[in-house]
Trainee: 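Have a look at this one before I ask anything.
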Amino acid sequence: MRDHDLPARERRTRGKRRFDDDEPQFLKRARPTESPVDPDTEPDPDTGERWSSWDDAVHGPQPYPDWLVTELAAKDTELGVLKTGKEADVHLVRRAVPDTDRSCLLAVKRYRDAEHRLFHRDAGYLEGRRVRRSREMRAMAGRTAFGRQMIAGQWAAAEFAVLARLWEIGAGHDRIAVPYPVQVRGTELMLEFVGDAESGQAAPRLAQLRPGPVELRDLWGQLVEALRVLARAGYAHGDLSPYNLLVHSGRLVVIDLPQVVDVVANPQGPAFLARDVRVVSAWFAARGLSAEQVDPGTLTGELLREAGIR
């Protein structure tokens, strides 16, 4: 199903929960003609290192994980590309304090600039999100160069904000696993690397696996619980598939959340949620779970009730 085929829904509103209005400084950091990485932090041509950008970024939720390097003396070293995509590329970076054993691996998601990124999907996903200045709204609606950069900043800000909220929910209830959002700076988002820290090998995507019956049932149970947590928080993933679910040490990890949809404020929210469920249900059914176990209609109804939509 294409986005423009999604049926329109009567708009609903609930409370004052917002996406970008809550943290407007995210968007203010993005300038329409600048790279998200300042020239002052360009990598050394000999070592590939640059000074850590921690001091010049919006940070993830506290308490910070023990593994995270926050020292201002740290340096970031580019190790390669983990994933390329239409909207962003994900790089592997090691942040380390020189002459110490303090280091960590980070997945760095860099959204493409206004000239190279595709925005054909933005309209449906951005419904229900707001920015405060009418000039910015007009630029985004008209897809001017400034507006496209504003939208790129919205994607990074929205993904960071949702990951921060879900991380706090998961830390408290252990019901959903997402990468820890380390920092956001303009259109660059730094995340916890999910994979083997020794080898730098990223955790496999669900689509790459061929789980046996027991593991398949366990992964389905984890996915249903994650979807319930999202729904209770008022969200639909918006682009859920076996390609944006990682499996690390038996744990299902939800990734790629820039297009997250407010199920209530976005009139197409319920349709996005239903599509998410159909896609993942079909994958699990094709691997051996029964139609009763993965019935998309039943699960969608349950999730809508969790979100407060009857």
Side-chain angles (χ1 to χ4, degrees), residues 1-12 83 85-87 118 120-129 155 158-159 162-163 166 175-178 204-213 215-247 251-310:
M1 176 183 287
R2 297 183 180 178
D3 296 338
H4 63 260
D5 294 328
L6 291 169
R9 293 271 184 165
E10 180 180 351
R11 184 178 298 275
R12 301 180 179 91
K83 177 192 173 186
K86 293 179 180 179
E87 284 83 20
L118 299 181
H120 64 284
R121 299 186 305 164
D122 288 342
Y125 292 111
L126 290 176
E127 287 191 77
R129 302 185 191 178
W155 285 125
E159 184 166 21
V162 171
L163 282 171
L166 294 176
R175 292 174 178 171
I176 188 169
V178 295
R205 297 174 186 276
L206 178 62
Q208 299 173 256
L209 302 180
R210 294 296 179 267
E215 184 182 9
L216 190 69
R217 287 194 298 272
D218 179 64
L219 290 171
W220 173 252
Q222 291 186 52
L223 177 58
V224 170
E225 185 56 37
L227 289 172
R228 285 176 175 154
V229 172
L230 282 166
R232 284 195 290 269
Y235 299 138
H237 185 284
D239 193 29
L240 191 62
S241 81
Y243 292 93
N244 45 38
L245 294 166
L246 303 181
V247 180
R251 192 76 190 275
L252 196 73
V253 182
V254 182
I255 62 168
D256 289 341
L257 289 151
Q259 71 295 305
V260 72
V261 174
D262 187 316
V263 179
V264 178
N266 188 318
Q268 301 180 53
F272 278 115
L273 187 150
R275 187 181 63 183
D276 284 349
V277 172
R278 284 197 303 272
V279 170
V280 292
S281 295
W283 189 90
F284 277 90
R287 279 18 182 218
L289 290 189
S290 69
E292 291 77 15
Q293 288 175 292
V294 298
D295 178 59
T298 300
L299 180 55
T300 298
E302 292 175 359
L303 296 176
L304 289 174
R305 286 191 291 274
E306 292 278 7
I309 300 173
R310 302 297 177 180

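Being a predicted model, the structure only gives us computed values, none of them experimental. What you see below is based on every heavy atom in this structure, not just the backbone, and it leaves out hydrogens, waters and symmetry mates. Start at 1 with the first residue, then count along the sequence.
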Trainee: Do the side chains of Glu225 and Arg232 get close enough for a salt bridge, i.e. N-O under 4.0 angstrom?
Mentor: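 Arg232 and Glu225: salt-bridged.
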Trainee: Quick one: closest heavy-atom pair of Val263 and Pro270, and the distance?
Mentor: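 The answer is O-CD, 3.6 Å.
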Trainee: CD of Glu292 to OG1 of Thr298: how many Å apart, nearest 0.5 Å?
Mentor: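 Those atoms lie 9.5 Å apart.
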Trainee: Which atom names give the shortest non-hydrogen contact between Val162 and Val260, and what distance separates them?
Mentor: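 Result for this residue pair: CG2-CG1, 3.3 Å.
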Trainee: Rounded to the nearest 0.5 Å, what separation is found between the CG atom of Leu257 and the CD atom of Gln259?
Mentor: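 Answer rounded to 0.5 Å: 6.5 Å.
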Trainee: Do Trp220 side-chain atoms and Gln293 backbone N/O form a donor-acceptor pair below 3.5 Å?
Mentor: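 Yes, Trp220 side chain to Gln293 backbone: donor-acceptor pair under 3.5 Å.
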Trainee: Which pairs would a plain distance check flag for residues 280-288, meaning a side-chain donor or acceptor within less than 3.5 Å of a matching protein atom at least two apart in sequence or in another chain?
Mentor:
residue: Ser281; atom: OG; partner: Val277; partner atom: O; Å: 2.7
residue: Ser281; atom: OG; partner: Val294; partner atom: O; Å: 3.3

Trainee: So, does Gln222 use its side chain to make a donor-acceptor pair with the main chain of Leu252 at under 3.5 Å?
Mentor: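 Judged by distance alone, yes, a pair lies under 3.5 Å.
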Trainee: Could you tell me whether the side chain of Asp276 and the main chain of Gly238 form a donor-acceptor pair under 3.5 Å?
Mentor: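 Judged by distance alone, yes, a pair lies under 3.5 Å.
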Trainee: Report yes if some heavy atom in the side chain of Val254 is under 4.5 Å from a heavy atom in the side chain of Leu245; otherwise report no.
Mentor: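 A side-chain contact under 4.5 Å exists here.
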Trainee: So does Ile255 get a backbone contact from the side chain of His237, meaning a donor-acceptor N/O pair under 3.5 Å?
Mentor: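 Such a contact is found between His237 side chain and Ile255 backbone.
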Trainee: Of all the heavy-atom pairs spanning Arg205 and Pro242, show the shortest one and how long it is.
Mentor: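 Heavy atoms only, the tightest pair is CB-O, 3.9 Å.
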Trainee: Do Leu240 and Val279 come close enough that some side-chain heavy atom pair is under 4.5 Å?
Mentor: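 No - every pair of side-chain heavy atoms lies 4.5 Å or more apart.
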Trainee: Considering non-hydrogen atoms only, spot the tightest contact between Asn244 and Asp239 and give its length.
Mentor: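 Residues Asn244 and Asp239, closest heavy atoms: ND2-O, 2.6 Å.
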Trainee: What distance separates Leu289 CG from Asp295 CG, expressed to the nearest 0.5 Å?
Mentor: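 Those atoms lie 12.5 Å apart.
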Trainee: Does Glu302 reach the side chain of Arg228, with side-chain heavy atoms less than 4.5 Å apart?
Mentor: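 Of all side-chain heavy-atom pairs linking Arg228 with Glu302, at least one is under 4.5 Å.
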